[in-house]
Each structure stands twice: as C-alpha cells, then as structure tokens.
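On a predicted model such as this, the values are computed, not experimentally measured, just so you know. Each chain gets a letter, A, B and so on, in the order its sequence line appears, and its residues count up from 1.
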2 protein chains.
Amino acid sequence: MERKTRQRQVILETLRRESRPLNPNEILALAREHIPRIGIATVYRTIREFEKEGKIEPVFIPNKGTYYEIKCAHHHDHFHCRICQKIYEVECPHSAKLSEVGNGFVVEFHEITYHGICPDCKEQTGQR
Amino acid sequence: MERKTRQRQVILETLRRESRPLNPNEILALAREHIPRIGIATVYRTIREFEKEGKIEPVFIPNKGTYYEIKCAHHHDHFHCRICQKIYEVECPHSAKLSEVGNGFVVEFHEITYHGICPDCKEQTGQR
DNA sequence: CGATTAATGATAATCGGTTCTCAATAGTCG
DNA sequence: CGACTATTGAGAACCGATTATCATTAATCG
C-alpha cells in the first residue's frame with residue numbers, strides 16, 4: 001500500500017511552489033535542495049504515479065520535450081523563454097475561436113506555445 | 001562541389017508533392033517508392049543540407065518530434081490527425097492577435113498545433 | 001519497538017532518433 | 001570515355017530520455 005515518503009512530498013511541493021511546468025531534470029535539481037541524495041529514477045517513478053493519480057499532467061513543448069504541472073481545471077497556454085529556457089503558464093484569450101480551422105478538419109483541442117523573453121529575463125538583460 | 005543526385009531530387013519532389021510536413025521516416029517510406037534501396041542516413045543528410053540551403057524548414061510538433069516542409073513565406077499553423085497521425089498545414093486566423101499575452105512577456109513568435117480528425121479519416125471512419 | 005514490505009538510489013539497460021564510418025557507387029568534367 | 005571525388009547504403013555508434021534491476025533504506029502498523 002502506498003506510503004507517504006519525503007521524496008513524494010518534496011516533489012509535489014516543488015511543483016506547487018514553482019507553479020510552472022517543470023521537466024524531470026528541473027524537478028530533480030529543485031528537489032535536491034531539500035533531499036541532496038534523491039535520484040532521477042525516483043523523480044520519474046513519482047511523476048508516473050502522480051500522473052496516474054491525476055495530481056499532475058504532462059505539457060508537451062515543441063522541440064523541448066515533456067514537462068509536468070499540477071493538474072488545473074482551466075485551459076491555458078504556455079510560454080517558452082529563449083533566455084532562461086523556463087516554461088510559464090499564460091492565459092489563452094482565444095479558446096473559443098480556436099475550435100475551427102475549416103476545410104473539414106474536426107478540431108478536438110489545440111496547444112499554443114509562445115516563444116520570447118519572460119519578465120525576469122527582460123529586466124535582467126535590459127532588453128525591452 | 002554539389003551534385004544533383006536522384007536521391008535529392010526524389011526527396012525534394014516528395015516534400016513538394018505531399019505539401020504537408022513529413023518526418024524522416026515518412027520521407028524514407030515515400031522515397032522508397034521511387035528508390036527502393038535509399039537509406040535513412042541519406043534522408044537525414046539530405047534534410048540537413050536542404051535546411052542549410054533554405055529549401056525546407058523544421059516543424060516541431062508537441063510529443064511527435066520534428067517534421068520538415070518546403071519553406072513557405074506566409075505564417076500558418078499545423079493540424080495533427082489522431083487517426084492517421086499525419087500533420088497538415090492549416091491557416092492561422094489569429095496571427096495578429098497572438099502577439100500579446102500580457103504580464104510583461106515579450107512574444108516573438110508562436111506555434112499552434114490543432115489536434116483532431118482530418119477530412120480523409122472523417123470520411124473513412126464515418127465519424128462526423 | 002520490531003517485522004514487513006513499499007520505496008529509494010545507483011547503475012545498467014533500453015529506446016527512438018540521429019550521426020558517423022567506410023567501402024562501394026555514381027555524378028561531373030576534361 | 002575515364003578519372004576524380006562527392007554521395008550513397010549499411011550498419012555501428014552515439015545521444016538524451018526513460019525504464020528496469022536489485023540491494024539497501026525507511027514508512028507503516030501491530
């Protein structure tokens with residue numbers, strides 16, 4: 001039967017605290033701040049479990065791989081910062097309009113990924 | 001100096017004829033209809049070359065990998081059919097509106113991937 | 001507190017995708 | 001037509017991501 005381990009607690013806390021999609025390596029690095037000897041296998045195992053339990057869900061970023069975020073009710077899109085490489089959640093202002101592309105295609109859902117510079121990096125690099 | 005080989009001709013023809021993004025395995029399979037002994041290494045080599053020459057460009061589909069299409073001037077989006085797994089080009093009706101997400105994020109470009117059923121599969125499966 | 005056994009950490013194995021190696025093939029040009 | 005050499009095909013090698021293995025650790029419960 002399922003046990004409440006420090007590793008699982010820390011991984012879930014990390015995903016909650018960051019409130020942005022994290023990939024397995026990011027989760028590992030952040031979790032190691034609290035459990036230095038945690039291994040990548042535990043991260044993957046815990047991800048699989050949380051996903052099965054419906055606690056988290058995958059986010060597929062084009063050309064970047066799979067990230068995971070706390071399961072969330074409302075539809076939103078994602079933003080990839082080309083400086084720090086972090087993924088952020090952003091609001092989707094067009095969900096209603098994006099259910100049609102015409103020409104006989106049946107749209108069931110869509111994903112939008114924005115690319116650019118995040119607020120933190122904009123400030124730090126002086127770019128605007 | 002650069003040589004005009006049958007392999008290169010067939011690969012470019014294939015991408016032109018299909019007029020949808022193809023991944024290396026799809027290119028290989030279609031090219032083999034004309035050159036049965038063509039190998040996957042040649043496909044990858046030719047892709048790299050065509051990309052360098054600006055003839056084709058990559059399309060990154062979330063959770064599906066990298067596809068390639070003939071370089072095209074106007075912005076468009078992509079559609080992934082969950083039945084036949086093909087990727088199609090579709091028009092982007094919102095390009096102007098999608099340059100802003102607010103909150104200090106600087107959007108440089110975006111990608112939209114639609115998922116659903118393509119016209120061919122809709123007809124064949126009787127789904128509507 | 002123990003005993004039980006689920007979970008972990010380290011590492012090997014696997015997997016798809018892509019690149020490299022090298023002998024054989026085939027464009028190109030004189 | 002040759003000679004030259006870029007290109008090819010086949011398979012090995014490589015790569016990052018993910019999973020499996022297994023001895024050790026630690027959560028749970030009587």
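Using a cut-off of 4.0 Å between Lys/Arg side-chain N and Asp/Glu carboxylate O, Glu69(B) and Arg20(B) are scored as not salt-bridged.
Between the P atom of dG16(D) and the NZ atom of Lys64(A) lies a distance of 13 Å, rounded to the nearest Å. Here the P atom of nucleotide dT8(C) and the NE2 atom of His34(A) are 17 Å apart, to the nearest Å. Nucleotide dA17(D) holds its C1' atom 17 Å from the CG atom of Leu22(A), rounded to whole Å. Atoms CG (Asn63(B)) and P (dT18(D)) sit 10 Å apart, rounded to a whole Å. In this structure, the OH atom of Tyr44(A) is 15 Å from the C1' atom of dG9(C), given to the nearest Å. Per the geometry, CD1 belonging to Ile47(A) stands 15 Å off C1' belonging to dT8(C), to the nearest Å. Rounding to whole angstrom units, CZ of residue Phe60(B) and P of dG17(C) are separated by 15 Å. Between Asn23(A) atom CG and dA17(D) atom C1' there is a gap of 10 Å when expressed in whole angstrom units.
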Requested in this report: Can you check each nucleotide of nucleotides 4-13 of chain D against protein heavy atoms at under 4.0 Å and return B for base, S for sugar-phosphate only, - for none, in 5' to 3' order?
Outcome: -BBSBBBB--

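Annotation for Thr66(B) and Pro24(B): closest pair O-CD, 3.7 Å, computed over non-hydrogen atoms. For the pair Gly54(A) and Lys71(A), the tightest heavy-atom approach, listed with the atom from each and the gap, is O-CD, 3.5 Å. The minimum heavy-atom distance linking Val10(B) with Thr14(B) is given by the pair O-OG1, 2.7 Å.
One end of the helix from dC1(C)-dG30(D) to dG30(C)-dC1(D) points its axis 30° away from the other end's axis, with each axis taken from 5 pairs and the angle rounded to 10°.
Between Tyr114(A) and Phe79(A), the two ring planes are parallel [angle under 30°; tilted spans 30° to 60°]. In this structure, His76(B) and His78(B) have perpendicular ring planes: the angle between them is above 60°, well past the 30° mark.
Counting non-hydrogen atoms of neighbouring residues, nucleotides and ligands closer than 6.0 angstrom, the CZ atom of Arg37(A) reaches no more than 12 such neighbours.
Side-chain contact annotation: Glu111(B) with His115(A), donor-acceptor N/O pair under 3.5 Å present. For the residue pair His75(A)/Glu91(A), the side-chain donor-acceptor check at 3.5 Å is not satisfied.
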